[in-house]
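Written out below as structure tokens is the structure these notes cover.
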Amino acid sequence: AQSVTQLGSHVSVSEGALVLLRCNYSSSVPPYLFWYVQYPNQGLQLLLKYTSAATLVKGINGFEAEFKKSETSFHLTKPSAHMSDAAEYFCAVVPGYQKVTFGTGTKLQVIP
Amino acid sequence: NAGVTQTPKFRVLKTGQSMTLLCAQDMNHEYMYWYRQDPGMGLRLIHYSVGEGTTAKGEVPDGYNVSRLKKQNFLLGLESAAPSQTSVYFCASSWGVGPYNEQFFGPGTRLTVL
């Protein structure tokens, strides 16, 4: 069975600092991986996805993630946090053509 | 395009009452999903559909029923609401599975069962 683990339910960073949100997955087949963002009182929207092309994936709003098979990780990063990045972030894994599994989410707080 | 829309946005029910949540998408997606979101638990799949006229159980289907009579609509029903069903419900749709499983979400319905 597939699973996804997001380390840290809450992460705080200063404005302008590096953002690092961790995601580790387990999958018995090559996975497809997604990061979604949820702003308060809204639905989720796609930030970026890995579909077995380039291992470094760039998304919207300056975010990127690197697929590391050896570490079974897909961590989300942004070089410089902005106040507007405050939201909840969800990692999701799709093993092959099976159903998606979402992580439990990480709330990002940006401190001015 | 409106994307994925959900009605209603808020609802308060008494224990034992029934209701239907409506989800509509205008992207011609084959796959549609209903999730519930609870603090600290992420999104949990209730039911899903792989096409018009089909439905299947997800991770937490008990107490819910669904129907997909038209491709663009996916209805979620609560037959006899319980306080444990207090949650935020999200509908989503996608073109396909695997690498095509980018899901588009509605704005959510906040349901409180007293």
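- Cluster annotation: Phe105(B) and Val93(A) are assigned to distinct hydrophobic clusters (Ile/Leu/Val/Met/Phe/Trp/Tyr, side-chain heavy-atom contacts under 4.5 Å, transitive).
- If you chain together hydrophobic residues whose side chains sit under 4.5 Å apart, Ile46(B) and Tyr33(B) never meet in one group.
- The closest side-chain heavy-atom distance from Tyr48(B) to Lys99(A) is below 4.5 Å.
- Of all heavy-atom pairs between Phe90(A) and Leu43(B), the closest is CE2-CD1, 4.0 Å.
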Quick one, Phe90(B) with Gln38(A), criterion side-chain contact (heavy atoms from CB on, under 4.5 Å). Give me CA distance, side-chain angles, the key distance, then yes/no.
CA-CA 12 Å; Phe90(B) 288 99; Gln38(A) 184 180 33; 3.3 Å; yes
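- By number of non-hydrogen pairs under 4.5 angstrom with chain B, the leading residue of Thr51(A), Val94(A), Leu44(A) is Leu44(A).
- Of the atoms belonging to Leu46(A), it is side-chain heavy atoms, and not backbone ones, that fall under 4.5 Å from chain B.
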Assess whether side-chain contact (heavy atoms from CB on, under 4.5 Å) is satisfied between Met41(B) and Thr104(A), documenting all intermediate values.
CA-CA 5 Å; Met41(B) 304 190 75; Thr104(A) 53; 5.6 Å; no
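- Shortest non-hydrogen contact noted between Arg110(B) and Asn41(A) is NH2-OD1, 3.6 Å.
- With chain B as the partner, the residue from Pro95(A), Gly105(A), Gly43(A) showing the most heavy-atom pairs under 4.5 Å is Gly43(A).
- Contacts between Gln37(B) and chain A at a heavy-atom distance below 4.5 Å involve the side chain alone, from C-beta outward.
- Residue Tyr35(B) touches chain A through its side chain alone, counting heavy-atom pairs closer than 4.5 Å.
- Following chains of ILVMFWY side-chain contacts shorter than 4.5 Å, one cannot reach Val37(A) starting from Phe104(B), and the two form parts of different hydrophobic clusters.
- Residue Gln6(A): no heavy atom, backbone or side chain, is found under 4.5 Å from chain B.
- Grouping the Ile, Leu, Val, Met, Phe, Trp and Tyr side chains by contacts below 4.5 angstrom, directly or via other members, places Phe74(A) with Ile60(A).
- Counting heavy-atom neighbours within 6.0 Å of Lys107(A) NZ, excluding the residue itself, gives a total of 12 or less.
- Only the side chain of Tyr36(A) comes within less than 4.5 Å of a heavy atom in chain B; its backbone stays farther off.
- Two different hydrophobic clusters hold Phe74(B) and Tyr31(B) under the rule that ILVMFWY side chains link at heavy-atom gaps under 4.5 Å.
- Within 6.0 Å of the CZ atom in Arg44(B), the count of heavy atoms belonging to other residues, nucleotides or ligands exceeds 12.
- To the nearest 0.5 angstrom, Leu45(B) atom CG is 9.0 Å from Phe102(A) atom CZ.
- Using a 4.5 Å heavy-atom threshold, the side chains of Val100(A) and Gln103(B) count as touching.
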